[in-house]
Amino acid sequence: MSEPALMEGSAAIAEAMVVAGCRFFAGYPMTPFTEVLEGMAKRMPAVGGVCMNAESEIEAIGMAWGAAATGVRAATGSTGQGLALMQESISELTLARVPMLVINMARSGADYFQATRGGHGDSRQIVLAPMDVPEAVEFTQLGLHLADKYRNPVLLYGDYFIAHTYESVVVERRDFGPLPDKDWALDGTSGGSGRAKLISPLGEVKQRDDVGYDLADHHAQVERDLVAMEREVEPLVETGYTDDAEVIIVAFGTPGKFVRYCVRELRAEGVRVGYVRPITLHPFPSEAVRQAALGAACVAVYENSAGQMVDDVRLAVLGAADIEFIGGLTMDSSAFGVGPEIAVGPIRSKILDVCRRRGCVTEGSV
Amino acid sequence: MSEPALMEGSAAIAEAMVVAGCRFFAGYPMTPFTEVLEGMAKRMPAVGGVCMNAESEIEAIGMAWGAAATGVRAATGSTGQGLALMQESISELTLARVPMLVINMARSGADYFQATRGGHGDSRQIVLAPMDVPEAVEFTQLGLHLADKYRNPVLLYGDYFIAHTYESVVVERRDFGPLPDKDWALDGTSGGSGRAKLISPLGEVKQRDDVGYDLADHHAQVERDLVAMEREVEPLVETGYTDDAEVIIVAFGTPGKFVRYCVRELRAEGVRVGYVRPITLHPFPSEAVRQAALGAACVAVYENSAGQMVDDVRLAVLGAADIEFIGGLTMDSSAFGVGPEIAVGPIRSKILDVCRRRGCVTEGSV
Amino acid sequence: MSNQPSVTRGTLVIDVDACKGCELCIDACPPRVLEMTTHELNSRGYRYPVLFDGCTGCRACSQICPDFVFQVYKYETPMVREPSEE
Amino acid sequence: MSNQPSVTRGTLVIDVDACKGCELCIDACPPRVLEMTTHELNSRGYRYPVLFDGCTGCRACSQICPDFVFQVYKYETPMVREPSEE
Amino acid sequence: MPAPDDRPVIDTSAPPEVPVRLVDDFTPDLIDVGAHHLCPGCGEPIAMRSIMEVLAEQGLMQRSLAVFGIGCYTAFSNNLDCEVLQALHGRAPSLATGAKRARPELVTVTVQGDGDMVNEGLQEVLHAAARGEAITCVLLNNGVFGETGGHMTATTTLGQRTKNTLEGRSSAEHGHPIQAASLVAGLDGAAYVARGAVNNAGNVAKTKRMVERAIEVQLAGAGFSFVEILTMCPTGWFIETVDAPDYLADTIGAVHVGGVLKDTLADA
Amino acid sequence: MPAPDDRPVIDTSAPPEVPVRLVDDFTPDLIDVGAHHLCPGCGEPIAMRSIMEVLAEQGLMQRSLAVFGIGCYTAFSNNLDCEVLQALHGRAPSLATGAKRARPELVTVTVQGDGDMVNEGLQEVLHAAARGEAITCVLLNNGVFGETGGHMTATTTLGQRTKNTLEGRSSAEHGHPIQAASLVAGLDGAAYVARGAVNNAGNVAKTKRMVERAIEVQLAGAGFSFVEILTMCPTGWFIETVDAPDYLADTIGAVHVGGVLKDTLADA
Amino acid sequence: MERSLMATGIGGQGIQLAAQVIARAAIADGRQVMMFGNYGGMMRGGNTDATLVIGEGPIDTPPVIAECWLGVAMHHEHLAPLVAKLTPTSVLFVNSSVVDAAVATAASVVPVAATDLAVEVAALVSASMVMVGAVAGATGLLSRRGLEAGLAEALPSYRTAHHEINTTALDAGFATGEALRADHSVPCAWEMG
Amino acid sequence: MERSLMATGIGGQGIQLAAQVIARAAIADGRQVMMFGNYGGMMRGGNTDATLVIGEGPIDTPPVIAECWLGVAMHHEHLAPLVAKLTPTSVLFVNSSVVDAAVATAASVVPVAATDLAVEVAALVSASMVMVGAVAGATGLLSRRGLEAGLAEALPSYRTAHHEINTTALDAGFATGEALRADHSVPCAWEMG
Ligand SMILES: Cc1ncc(C[n+]2csc(CCOP(=O)(O)OP(=O)(O)O)c2C)c(N)n1
Ligand SMILES: Cc1ncc(C[n+]2csc(CCOP(=O)(O)OP(=O)(O)O)c2C)c(N)n1
Ligand code: SF4
Ligand code: SF4
Ligand code: SF4
Ligand code: SF4
Ligand code: SF4
Ligand code: SF4
Ligand SMILES: [Mg+2]
Ligand SMILES: [Mg+2]
C-alpha cells in the first residue's frame with residue numbers, strides 16, 4: 001500500500017504489523033488498545049495469519065509466546081492495567097529469549113515507569129514511543145525488527161491519541177537490514193536428534209549431565225546479552241533548536257508533538273527555547289538530553305503524569321542544569337479520554353512560564 | 001511473647017503480623033515467601049483470624065483486598081514473579097485507598113525497580129527493607145501501621161536470607177501512635193441510609209447526580225494524598241562513619257548488613273569508609289544519601305542485581321560525588337539460594353577495591 | 001377492547017425525561033395500555049411511552065424498564081370507564 | 001516356586017547407581033523376582049533391587065521405575081533352571 | 001390496535017388524587033440514583049433492580065455488600081444505596097471471599113458480566129464455588145464485552161456476530177461457548193445454581209425468585225450460590241432495542257438454557 | 001518368600017551373552033538424560049516416560065512439542081530429546097495454543113501439575129478446552145504443590161493432610177477438591193478426557209493407552225484432548241515411598257476416579 | 001488553508017460516524033485530513049467528541065486543536081469543552097431539536113433542528129447525518145459528491161443496513177444547509193475556485 | 001566465643017533438620033544461635049546447606065559466614081562451597097559411607113560412617129542425626145541433654161513418628177563421637193568449665 005490513506009492509528013499499527021510480516025496476534029479488549037486488536041482480527045485471516053481473541057491479557061501474551069517460540073513474528077498488547085497483568089511474562093520472555101512486539105497503549109503518559117522498569121528481576125526491554133500515526137507505523141515495524149534482532153520483547157508505547165487519530169498515512173514495508181536466522185525456533189524436527197531444542201526462561205542449554213538447569217549461569221548470560229543490546233541500540237531522539245536554547249523542553253510521545261508545535265511557535269516569536277523528544281524510552285537518549293542541557297539554564301520536563309520520565313532526565317543531566325517538572329496528570333472523567341491540559345494552549349503557557357522565569361523571553365516578543 | 005526465642009525469619013514475620021493485629025492473610029506458595037504463608041496458616045486460626053490458601057497470587061491479593069475493605073488488618077505477599085502478577089492490584093489498591101501489607105520476599109535484590117516503580121499509572125507505595133529478622137519484626141508492624149495511616153498498600157521488602165535465617169528474637173507489639181478511625185470500612189450497616197459506603201479504585205464519592213464516576217477528580221485527589229504521604233513519611237535510613245568517610249557504600253536489606261559488617265571491619269583497620277543503608281526504599285532517603293556523599297570522593301553502591309537502586313542514589317547525589325556500582329547479580333544454580341558473591345569475603349574485597357582506587361586506604365593498614 | 005367497560009386498577013407516574021425510548025415496556029404490558037409517542041420527544045430526544053386506560057398495576061413495565069421511568073400505583077377502588085365515554 | 005523348574009524368559013540390566021531405593025519395582029514385578037538389597041548400598045547410599053530367576057521380561061519394573069534403572073531383555077530361547085540346580 | 005388518538009391519554013405526570021397505594025417505585029430502596037449512562041434497552045439495569053429488590057425485601061439492607069466487576073454494569077457501583085466494593089476486572093469473587101471471611105455476617109453478592117467472569121476471571125468464580133464460599137455470584141451474561149464495543153466473549157454462542165467475529169463465531173476458529181452455570185454446578189462447593197433472563201416480564205419475575213433463593217442459600221450457610229442472568233445488549237449485538245428480547249431467546253437463550261440447575265438445600 | 005540368599009542373584013551388570021532382544025531401554029528415545037533430582041518414589045517420572053514412549057512409538061519424534069508447566073516435573077524440561085517449550089507457572093495451555101496455531105503440524109502436549117493447572121492456571125486449560133484447541137493437555141495430579149513443600153492444592157481431597165492443612169483438608173475451611181477431568185469433560189470443545197494413574201504397573205499401562213488415544217484425537221483434529229494422571233508424591237504426602245501407591249488409591253484415587261470420561265471420536 | 005472543526009454529543013449519537021463521514025468526504029474532495037475521536041471507553045453514553053482538521057496540504061498540528069473554525073453541538077451535555085474552543089469568528093451549529101439554540105457563546109450560532117428533521121425524513125439515529133449535511137450545504141466545506149463517497153466508506157460493514165436512512169438524512173440536511181446559506185451569517189469554507 | 005559451622009548435602013538428606021537440632025540444642029545449652037538454611041526451592045534434591053553461628057552472647061554477623069570452625073559433609077556433591085570456607089584450623093566431619101574420606105582440604109578430616117551406622121541402628125534417613133550426634137560427642141559442642149531437647153523441638157509435628165529412629169541415631173552418633181574424642185585431632189568446642 002503506497003498510496004496515502006486515511007487510517008485510524010490503531011488500524012495503521014495493525015497494518016504496519018501486517019506488512020512487517022507479523023502473523024500471530026493475541027489480545028484482550030481494553031481501551032485504547034481495543035481497536036488494534038480489532039484491526040488484527042480483521043487483517044490476520046486475510047494474510048494467512050492468526051489473531052486470537054484471547055480470554056484475558058495473561059492468556060494473550062502466553063499465546064503470543066507460544067507462537068513466537070515457533071519462529072513466527074508475533075505480537076500482543078494492552079493498556080496500563082492489562083500490561084501490569086502481563087508483567088510476569090514480559091520479564092520472563094527476556095529470560096526465555098523470545099522476541100515479541102508488545103503494543104503498550106497507555107491511557108495517559110503515566111505508565112512510563114511500568115514500561116521502562118516494570119518487571120521483576122533485571123530483565124529490560126527496548127521501548128519505542130512514537131508521537132503520531134506515521135511514526136507509529138514506522139516504529140511498529142522497527143519494534144518487530146529489534147525484537148527479532150535481540151530475541152527480546154520490544155514495547156511500542158502508544159496512547160489514546162495515537163489509537164484514535166486518523167491521519168493520511170502510507171503503510172509500506174520498511175527494511176531495517178538483515179536478521180540472523182531463527183535457528184532456535186521450535187518446529188519439532190530436532191526431536192530425537194540428541195540435540196532437541198529447548199526454549200525456557202530457566203536456561204536454553206539442554207542438560208547434558210545431571211546438574212539440571214543452572215540459573216546462575218543463565219541469568220549471567222542474559223545479563224551480558226542485555227548489556228550488549230543496550231550498548232548496541234542507538235537511542236532514538238528528535239531535537240530542535242537546542243544549540244542556543246536557554247530552556248529545553250523534554251517530552252515524549254504525543255505530548256512531545258504538542259511540545260514541538262509550541263516550541264516552534266515560540267521560536268517564531270523569538271523565544272530561546274528548544275526541545276528534546278526521546279523516542280526510545282529505553283535505552284534512554286541520555287547523551288542527547290545531556291548535550292542539550294549543557295548550554296541551557298533549565299531543562300523542563302512535560303509529561304502527562306505526576307512525573308516519571310523526569311527521573312531519567314535528571315539521571316542524564318546529573319545536575320548540569322536545573323530541572324523543572326511542568327507536567328501533571330490530566331484526564332477526562334472517564335480516564336480514557338483527553339484531559340483539559342493536554343492542548344496547545346495550556347502547554348504553551350506552561351512553557352512560556354518557565355521561559356519567562358528563566359529570562360529567555362525578550363521584551364516585546366510573544 | 002517477650003522472651004527471645006529462636007525463630008526463622010518467616011515465622012517471625014508471621015508472628016509480628018499476629019501481634020500487630022493482622023487477622024487476614026492470603027497467599028500462594030513461592031520460595032522464599034512460602035514459609036510466611038505456612039506461618040500464617042498455622043497462626044491465624046489460633047487467634048481467630050483467617051488464612052486463605054489462595055489458588056493463585058492474583059486471587060490472594062483479591063482476597064486480602066476484600067478483607068481489608070471491611071476494616072480488618074490484612075496482608076498478602078509473594079516473591080518477584082508472583083508480585084508481578086499482583087501489580088495491577090497493588091497499583092489499583094492505591095486508587096481504591098485500601099490499606100494492606102504486601103510481603104515482598106525477593107529472590108535476590110533484583111526486584112527493586114518492581115517494588116518502587118512497578119505499577120501502572122502514578123500510584124506508589126511505601127517500601128520498607130529490613131536487614132535482618134529483628135528489623136523484619138519491627139517493620140512488619142510498622143508497615144501495617146503505615147498502611148492504615150495512609151490507606152495505602154505498604155511493601156515489606158525481604159529476601160531469601162530474612163526468610164530462612166533463624167535468630168533469637170522478641171516479638172512484641174509495637175506502638176507507633178494513634179490511627180484515624182476506619183470509618184470508611186464496609187460492614188453493611190450504611191446500606192439504605194442514603195450514604196451507603198463505596199470502596200472503589202474509580203472514586204470514593206457516591207454519585208449524587210447523574211454524572212457517574214469522575215476519574216479525573218479522583219486521580220487528582222489520590223495524587224494529592226500521595227504527595228502528602230511522601231512528604232510526611234520520614235525516610236528511614238541507617239548511616240555509619242559518614243562524617244569523615246572518603247568512600248561511602250550504599251546498600252539495602254541483607255546486603256546492607258554485610259556491607260555494614262565489612263565497613264566496620266575496615267574502619268577498625270583504619271580505612272576511611274562509611275555506609276548508608278536505606279530502609280525506606282520509597283520514599284528514598286535522598287537527603288541522607290546526599291549529605292553522606294557531600295564530603296566523599298565516591299559513593300559506591302552494592303546491590304545483588306545489575307544495578308537498580310543505583311538510579312535512586314544517582315538521583316540523590318546528582319553529580320555531587322562520583323558514583324560507582326560495585327554490585328552484580330549473584331545466585332546459585334536454582335536462583336533461589338545464595339550466590340557465591342554474597343558473602344563477607346567478596347563484598348569486603350569489592351569495598352576495599354574502591355577504597356584503594358580512591359586512595360583512602362592508608363599504607364600499612366588492612 | 002373498546003366496546004367493553006374498561007376496568008383500570010392501576011396507574012403510573014412516568015418520568016418522561018428519564019426514558020431512553022427502548023420500547024421494552026410496550027411489549028411487557030399485559031393489557032397493552034402503553035404506547036410510544038410518535039412525534040413528541042423528551043428532553044433527551046427520545047420518544048417515550050404514554051398510558052391509556054386499563055392499567056392493572058401489575059408492575060411489568062416498572063420491572064422491565066431499564067431506566068426506572070415508572071412508579072406504579074394501585075387504586076384503592078378500581079376505576080371503571082364505560083365504552084361510551086370514548 | 002523353588003520346587004518347580006523355573007522358566008526365565010527375560011533378564012535385566014540394572015543401573016544400580018541410578019536407583020533411589022523407592023521399592024516400587026518390587027511390588028510391580030508379577031513373578032516377584034526382584035528384591036531389595038538389605039546391606040549393600042549404591043554409591044548414593046540407597047538400597048537397590050537385585051534380580052532372581054524367573055523374569056518374564058514383562059517390563060513392569062522398567063515401566064514403573066521413576067529413576068530409569070532398568071533395561072529389559074527377552075531371551076530368544078527361554079532359560080529353564082531345574083529346582084535341583086539350587 | 002386502536003390509534004392512540006382515539007383514546008384519552010392518562011395523565012402520568014404526578015400521582016393520582018384519589019386514594020392509591022404505591023406498589024412499585026421508580027427504583028427500589030437500594031438504588032440511590034436511577035439515572036445512568038447505559039444504553040437504551042440494556043438488560044443490565046433490569047437485573048440490577050431485581051437484585052436490589054431482593055436484598056431490600058429480605059430485610060438485608062443494612063447487612064449487604066455488593067461486589068462489582070468491570071463492565072457496563074459498573075456504572076451502578078456508585079449509584080446504589082447498598083454498600084459496594086468495586087473490584088478489578090475479573091476479581092470480584094476473590095474480593096467477596098475476603099470480605100465474607102472477614103465479616104461472615106455480611107450478605108455478599110457479586111455482580112459480574114460474562115467478559116468479566118467467564119473470560120478474565122473464570123478461575124476466580126470456579127475456585128470460589130469449589131471452596132463453597134458463602135457468597136452469591138451473579139453473572140450478567142449478554143454474550144459480549146458490551147463496554148469495550150461488542151466483542152466476542154467466552155459465552156458468545158456459535159454463529160453469533162460480534163465486533164471481532166464479523167462472520168459469526170465459528171467453533172473451528174473461535175471455539176465453543178462456555179456454559180458458566182453448568183460448569184459451576186459441577187463443583188461440589190456449589191449449593192445453588194440457576195439461570196434466568198430479563199427479556200420479558202415473566203422471566204424477570206422468575207429470575208428474581210432465583211436471586212431470592214440464592215440469598216436464602218447463602219443465609220442458610222449451605223454453600224456457594226450462583227445465578228446467571230441473560231441480559232440484552234442491543235448495542236453490542238448491533239440490533240434494535242425492540243428486537244433484543246427475541247434475539248436473546250433465539251440465540252444465547254437457546255444455548256444457555258434457563259432453569260434451576262442445582263439446589264442442594266431443596267435436595268437435602 | 002524364600003530368603004534371597006538361597007537363590008542365586010542374576011548378574012545384571014551387563015546384557016547377557018546369549019541371544020536376546022532389548023524390549024525396554026533405560027529411557028525411551030525421547031528422554032535424553034534419565035538422571036534427575038526428583039524424590040525417590042515420585043510418580044512424575046513414570047508418567048513422563050509413558051508420554052515420551054507414546055510420541056516415539058507413534059513416529060512423532062520429529063514433529064512433537066512438549067510444553068511444560070512449573071512444578072517438580074519441570075526438572076524434565078531440559079532432560080528430553082523432544083522439543084520443549086517451558087511455560088511460566090499455570091500458562092502452558094496458552095503457550096501450546098499459540099505454538100499449535102502457528103504451526104498446526106506440531107503434535108503439542110502440555111505437562112502440568114495440579115498446582116500449576118488447577119490452581120494457578122485453571123482458566124487457561126478450561127479456555128483451551130472450550131476453544132477445542134487441537135492440543136493434548138496432561139495433568140500430573142498428586143494433590144499437592146510438591147515442589148514448594150507439599151501444600152494443599154485445589155485437587156487435594158477432603159481429609160488429606162498437607163503442609164498447610166495440618167489437620168487435614170476440611171470442606172468448611174478449605175473447600176472441596178476440584179475434579180479437573182470432569183470439569184474439562186463438561187466443555188463442548190473437549191473431545192477426549194480420561195483419568196489414569198501410575199501407582200502400579202497395570203495402571204501405568206492403562207494410562208499409556210489413554211495418552212495414545214489423546215494423541216490420536218489430536219492427530220484426527222477432533223478437538224481438545226486431556227489426560228489426568230494421578231502420581232505419587234511420598235515427600236509431599238509425608239509417607240514412605242512404599243506406602244505411596246496404596247495411599248494414592250485410597251485417598252486421591254477414591255475421589256478422582258479413573259477411567260475414560262469422554263471420547264467423542266469413539267462416540268461419533 | 002486549514003479548517004478545524006469540533007463536534008460534541010453524548011455516546012450513541014453518531015458523533016464519531018459523523019466525523020468519519022466528514023473526513024472521508026474531505027478526502028474524496030481532494031483535501032487532507034487529521035481527525036481525532038474522543039470517546040469514553042468505560043462508561044456507556046459518556047461524553048464523546050471529535051475534532052477534525054481539513055487542509056489543502058499536509059497537516060502537522062497536534063491532534064487536539066487549539067481553537068475551531070466551526071463547532072457542532074448535538075447535545076447540551078458536555079458542551080463546555082466545545083465552547084472553550086470557539087473564537088469570536090467561529091460559527092457554531094446546534095441541534096436545536098435538543099439544545100437550546102440560545103447557547104451563550106462568542107461565536108455566531110446556526111440552529112438546525114437535526115433530530116426533528118431526522119425523525120421526520122429518516123430515523124432518530126440519523127440526526128447527526130442531518131447535521132453533517134447541513135454543515136456541508138451551508139458552508140461548502142464538503143461537496144455533495146464528497147459526502148456520498150464519505151458515507152459509503154465510513155459505514156462499517158455490519159452497519160450497511162443503515163445506508164439508506166443515512167443517505168436520506170444527509171440529503172435532507174444538505175438541502176436545509178443550502179437554504180441557510182442565503183443567510184450571510186454562515187461563512188464560506190473555501191475560497192471558491 | 002563464637003563457633004561457626006556449615007553442613008552440606010543433597011536435598012532430602014536431613015541437613016536442615018540436623019541444623020535445627022544443633023541450633024535448638026545449643027539454645028537448650030544456654031547459648032545463642034543464628035542459623036541460615038539454604039535449599040533450592042525449585043528443583044527437588046538440589047544442593048542444600050546450612051550455616052550456624054553459636055555464641056555465648058548476641059550474634060551480629062551476617063547470615064553467610066566467611067569461614068567455618070567446623071564443617072559437615074554428608075555427600076560429595078556440592079562440596080565446593082563448604083571446602084572454600086575451611087581454614088587450616090578447621091575440622092571437617094565427612095560421612096565416610098558416601099563421601100570419599102580423603103577429601104582434599106586444608107582442614108583435618110574426621111570420617112564418620114554415618115549412613116552405614118544409621119542403616120545399622122535405625123534407618124537410612126537418620127544418617128544426618130548420626131552425624132550430629134558424632135559432632136557433639138567428639139567436640140563437646142552440644143551436650144547430650146541439649147541434643148535431646150533440640151530434637152524434640154526441631155521435629156515438625158507431622159514427623160513425630162520419626163522421633164524414635166532419630167533418637168537412636170543421635171545416641172549411636174554420640175557414642176561414636178565420644179570414642180573419636182580420644183583421638184586428639186578432634187578439637188574441643190568450648191573451654192571446659
Ligand atoms: C484487566 C482489564 N482488562 C480489560 C479491561 C477492559 N474492559 C472493561 S469492561 C470490559 C468488558 C466487560 O464485559 P462484560 O463483563 O461482559 O460486561 P458488559 O460490558 O458486557 O456488561 C473490558 C474488557 C479492564 N478494565 N481491565
Ligand atoms: C507465579 C508463580 N507462583 C508460584 C510459583 C512457585 N511454585 C513453583 S512450583 C509450584 C507448585 C507446583 O505444584 P504442581 O504443579 O502441583 O507440581 P508438583 O510440584 O506437585 O509436581 C509453585 C507454587 C511459581 N513458580 N510461579
Ligand atoms: S422501557 Fe423505560 S426506557 Fe424503555 S421505552 Fe419504556 S419507559 Fe422508556
Ligand atoms: S403496571 Fe402493568 S398494566 Fe399497568 S402499564 Fe405497567 S405493565 Fe401495563
Ligand atoms: S523402582 Fe527404580 S528407583 Fe525404585 S527401588 Fe526399584 S530400581 Fe530403585
Ligand atoms: S521384566 Fe517383569 S518379570 Fe522381569 S524383573 Fe521386571 S517386572 Fe519382573
Ligand atoms: S453496550 Fe450493551 S451491556 Fe453495555 S450498556 Fe449498552 S446495551 Fe448495555
Ligand atoms: S516432592 Fe513429590 S512430586 Fe516433587 S519430586 Fe518429590 S515426590 Fe515427586
Ligand atoms: Mg457482557
Ligand atoms: Mg502437584
Side-chain angles (χ1 to χ4, degrees), chain D residues 1-2 6 8-30 32-38 44 46-77 79 81 85-86, chain F residues 1-28 31 33-50 53 79 198-205 207-208 231-232 234-235 240-246:
Chain D
M1 195 196 283
S2 52
S6 80
T8 297
R9 295 175 193 283
T11 190
L12 308 173
V13 170
I14 302 183
D15 181 357
V16 167
D17 285 334
C19 172
K20 292 192 190 129
C22 71
E23 307 187 23
L24 294 185
C25 52
I26 307 299
D27 282 351
C29 174
R32 301 197 68 82
V33 293
L34 286 172
E35 287 185 23
M36 296 300 283
T37 58
T38 47
R44 307 163 106 179
Y46 293 112
R47 300 195 295 130
Y48 55 89
V50 292
L51 178 68
F52 294 94
D53 261 359
C55 169
T56 63
C58 72
R59 302 159 60 238
C61 53
S62 59
Q63 289 285 307
I64 207 157
C65 172
D67 287 276
F68 312 115
V69 169
F70 303 103
Q71 227 179 9
V72 184
Y73 291 89
K74 276 208 169 163
Y75 291 111
E76 296 296 348
T77 327
M79 316 276 272
R81 198 184 304 252
E85 281 190 24
E86 272 178 36
Chain F
M1 198 192 299
D5 22 298
D6 66 358
R7 286 184 295 163
V9 168
I10 314 282
D11 174 13
T12 53
S13 61
E17 308 272 295
V18 299
V20 288
R21 196 159 37 92
L22 180 68
V23 293
D24 219 7
D25 208 345
F26 295 116
T27 58
I31 296 188
V33 179
H36 57 74
H37 286 312
L38 275 68
C39 305
C42 178
E44 295 181 342
I46 310 172
M48 198 64 60
R49 175 185 199 104
S50 297
E53 278 179 357
N79 277 32
V198 294
N199 60 331
N200 59 50
N203 280 343
V204 171
T207 301
K208 191 174 157 187
T231 59
M232 293 78 75
T235 306
E240 300 304 324
T241 55
V242 281
D243 299 334
D246 285 349

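Chain letters run A, B, ... following the sequence lines, proteins first, then strands; residues in each count from 1. Predicted model, so just to flag it, every value in this text is computed and none were measured.
Residue contact with chain F, scored on non-hydrogen atoms closer than 4.5 Å, involves the backbone and the side chain of Ser62(D) alike. For Ala18(D), no part sits under 4.5 Å from any heavy atom of chain F, backbone or side chain. When heavy atoms are compared at a cutoff of 4.5 Å, Leu24(D) approaches chain F solely by way of its side chain, counted from C-beta outward. Proximity to chain D is limited to the backbone of Asn199(F), based on heavy atoms less than 4.5 angstrom apart. Within the 4.5 angstrom heavy-atom criterion, only backbone atoms of Phe70(D) (N, CA, C, O) approach chain F. There is no contact between Met48(F) and chain D, counting heavy-atom distances below 4.5 Å. Looking at Val18(F), only its side chain comes within 4.5 Å of chain D, counting heavy atoms on both sides. Using a 4.5 Å cut-off between heavy atoms, Pro15(F) contacts chain D through both its backbone and its side chain. Neither the backbone nor the side chain of Glu44(F) comes within less than 4.5 Å of any heavy atom of chain D.
Exactly one of Asp24(F), Thr27(F), Thr12(F), Asp25(F) qualifies for a side-chain hydrogen bond (donor to acceptor under 3.5 Å, both in side chains) with Gln71(D). That residue is Asp25(F).
A heavy-atom distance below 4.5 Å is not found between the side chains of Thr77(D) and Pro19(F).
In this structure, Arg59(D) contributes its side chain and Val23(F) its backbone to a donor-acceptor pair below 3.5 Å. With hydrogens and angles disregarded, no donor-acceptor distance shorter than 3.5 Å links the side chain of Lys20(D) to the backbone of Pro66(D). Distance alone, capped at 3.5 Å, places no donor-acceptor pair between the Asp67(D) side chain and the Cys19(D) backbone.
The greatest number of non-hydrogen atom pairs below 4.5 Å with chain D, out of Pro40(F), Gly202(F), Ala201(F), is found for Pro40(F).
Here Asp15(D) pairs with nothing under the side-chain hydrogen bond (donor to acceptor under 3.5 Å, both in side chains) rule; sequence neighbours left out. For Val16(D), the side chain to side chain contact (heavy atoms under 4.5 Å, CB included) test picks out Ile14(D), Asn42(D), Tyr48(D), with sequence neighbours left out.
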